Enquirer: 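Structure provided below as structure tokens; questions to follow.
Quantities reported herein were computed from a predicted structural model and do not represent experimental measurements. For ligands, and for the atoms within them, numbers begin at 1 and follow the listed sequence. The analysis underlying the following values was restricted to heavy atoms, covering all of them including side chains, and did not include hydrogens, waters or symmetry mates.
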Amino acid sequence: MEHLLKGKYEAVIGLEVHAQLITASKAFSSDKNEYGSSPNSNVSEISLGLPGTLPQFNGSVLGHAIKLGIACGCEIRHENRFDRKNYFYADLPKGYQITQDKGPICTGGKIHLKTSLGEKVVNLTRIHMEEDSGKSIHDQDPYNSLVDLNRAGVPLLEIVSEPDIRTGEEAYQYLTEVRKLVRYLEICDGNMEEGSMRCDANISVRLKDAPEYGRRVEVKNMNSIRNVQRAIEYEVGRHIELIEKGEEIKRETRSFDAIKGTTFGMRSKEMDNDYRFFPEPDLLPVLVNAEDIDRMKSRMPALPNELYAKYTKELGLSEYDAGVIIDSKEIALYFEDMIEHTKNYKAAANWLSGDVKSHLNKYGIDIAHFPIRSKWMAELITMIDEDKISYSLAAQKLFPAMIGEPKTSPFKLAVKLNLIQESDELALMELVDEALAAFPEKVEEYKNGKKGLIGLFMGEIMKKSKGKADPKKTNALLQEKLEA
Ligand code: ADP
Ligand code: MG
């Protein structure tokens, strides 16, 4: 929106993220928590909410919540209670969702992110535990709505941000960081396309420096991080247009249409929903003591921000390389393995962000399916550092050969393919002599001062040796011969 009409307006955005947790069973029952099972197969009396059944809390949900709380620097509540959020819907057989209303397990905390304009901190309001509802399917049967209760009771963490976000790009980066975190912690697969991570965006616009926030709308149904950004950008433009026309913003819930790139109203929110929250009487308080938290702190896996700091500050990698490596936990672990076997961190990073990444992209696979062992990638780097093979032959010939024959060590493979660099002086001398003999008049020109011609002789030698001549030694021999 022409840079928010040249600085007149400011957008205010707060995000609510629902992360579906990776656990064996549901939040309050032993029903399987599994995506993709046939409809209504993971459903016992408890998921159905039949009278007389009692919920039982799944401790791994608590562990996941504490891990995320520690990672975000939240305050963690010691005595956790649950509440019932009541409403009627076909995919909610109990008539209520078990959640934490007034007493979320985590409060405060921050998400650090980078945008094209620099670094930014978004404060968190809260993270709480709750259960998911089932799924209503309206587009498979022309006459009926279908209900699948496999998801009913699946554990969620809801992560609520303060309204600290100002642009669609910041929202994009915020979600990317949250997704990275839950993936590093292995508590959620972070897949927005499959709905295991979902985001509602609260958006308002105000005059820049106005003391109060504008009236907000809530946008739902964005199935990718990119679409959250698009929805926000569209919505902010719509608000500004209405405000400029002197019209009111309606408090409502809107839905994003990914094909048109627009939003449309779903329901008005003139009156806040009354969920009649009250304490869940069937569950005991869940206690977390300080020792539990300390024990979990000592067992936290390396987090993306810590690795980023290590790579840029201790290992001297560029921000770009460090960013590529921490982008996924699997790549970071692969890199960590590689640098157990080589101290050439820069080369290790270059191979990962260059040739390895293009191979993965080309075949649409992730590093788990990359055939070459990290140790052998390190050996490849060492061979280059020790002048056993030139970089260009390593990249063009040996690396593809290693992918085709991942069981053979790179050294053996290089010997077998005759790629080992020629560094024997006598053999190199012969090549030098041949090259000079082929261009007698160029040799004259060189001697008369056209020093750039050394490139021509080097090229000739590389061609003759099929790229195997040791460039440093060859260059030295050439100069020696030409200056003689
Ligand atoms: P609700 O339960 O109605 O969604 P919450 O108080 O839980 O309301 O707020 C949800 C989100 O809305 C939070 O992320 C918060 O930061 C954000 N938010 C609150 N006020 C505004 C506003 N005026 N503009 C944009 N976002 C807002
Ligand atoms: Mg909301």
Enquirer: List the atom pairs, with distances to 0.1 Å, where a side-chain N or O of residues 294-306 and a protein N or O form a donor-acceptor pair under 3.5 Å, not counting sequence neighbours.
Expert:
from, atom 1, to, atom 2, distance (Å)
Arg295, NH2, Asp292, OD1, 2.9
Ser298, OG, Arg295, O, 2.7
Glu306, OE1, Leu303, N, 3.3

Enquirer: Name the option, out of Glu162, Glu218, Glu158, Arg216, that contains the heavy atom nearest to atom 5 (P) of ligand 1.
Expert: Arg216
Enquirer: Is any side-chain N of the basic residue among Asp132 and Arg151 closer than 4.0 Å to the acidic one's carboxylate O?
Expert: yes
Enquirer: Give the atoms of ligand 1, by number and element, whose distance to some non-hydrogen atom of Val160 is under 4.0 Å.
Expert: 13 (C), 14 (O)
Enquirer: Enumerate the atoms of ligand 1 whose separation from the nearest heavy atom of Val12 is less than 4.0 angstrom.
Expert: 24 (N), 25 (C)
Enquirer: Regarding Glu241 and Arg238, does a basic nitrogen lie under 4.0 Å from an acidic carboxylate oxygen?
Expert: no
Enquirer: Considering the heavy atoms of Gly214, write down every atom of ligand 1 situated less than 4.0 Å from one of them.
Expert: 23 (N)
Enquirer: Does any donor atom in the side chain of Thr99 or Glu131 lie under 3.5 Å from an acceptor atom in the other side chain?
Expert: no
Enquirer: Any N or O on Asn202 sitting closer than 3.5 Å to an N or O of ligand 1?
Expert: yes
Enquirer: Assess whether a salt bridge exists between Lys26 and Glu34, defined as any Lys/Arg side-chain N lying under 4.0 Å from an Asp/Glu carboxylate O.
Expert: no
Enquirer: Could you tell me whether some N/O pair between Pro163 and ligand 1 is separated by less than 3.5 angstrom?
Expert: yes
Enquirer: Taking distance alone, no hydrogens or angles, what donor-acceptor pairs closer than 3.5 Å link side-chain atoms of residues 359-370 to residues at least two apart or in another chain?
Expert:
from, atom 1, to, atom 2, distance (Å)
Asp366, OD1, His369, ND1, 3.2

Enquirer: Checking contacts here: is it the side chain or the backbone of Leu15 that comes within 4.0 Å of ligand 1, counting heavy atoms only? Could be both or neither.
Expert: backbone
Enquirer: For the pair Arg198 and Glu16, find out whether any cationic side-chain nitrogen is under 4.0 Å from an anionic carboxylate oxygen.
Expert: no
Enquirer: Using a 4.0 Å cutoff against the non-hydrogen atoms of Gly14, which atoms of ligand 1 qualify?
Expert: 14 (O), 16 (O), 17 (C), 26 (N)
Enquirer: Should you measure from each heavy atom of Ser161, which atoms of ligand 1 turn up under 4.0 Å away?
Expert: 13 (C), 14 (O), 15 (C), 16 (O)
Enquirer: Relative to the heavy atoms of Tyr213, which atoms of ligand 1 are at a distance of less than 4.0 Å?
Expert: 23 (N)
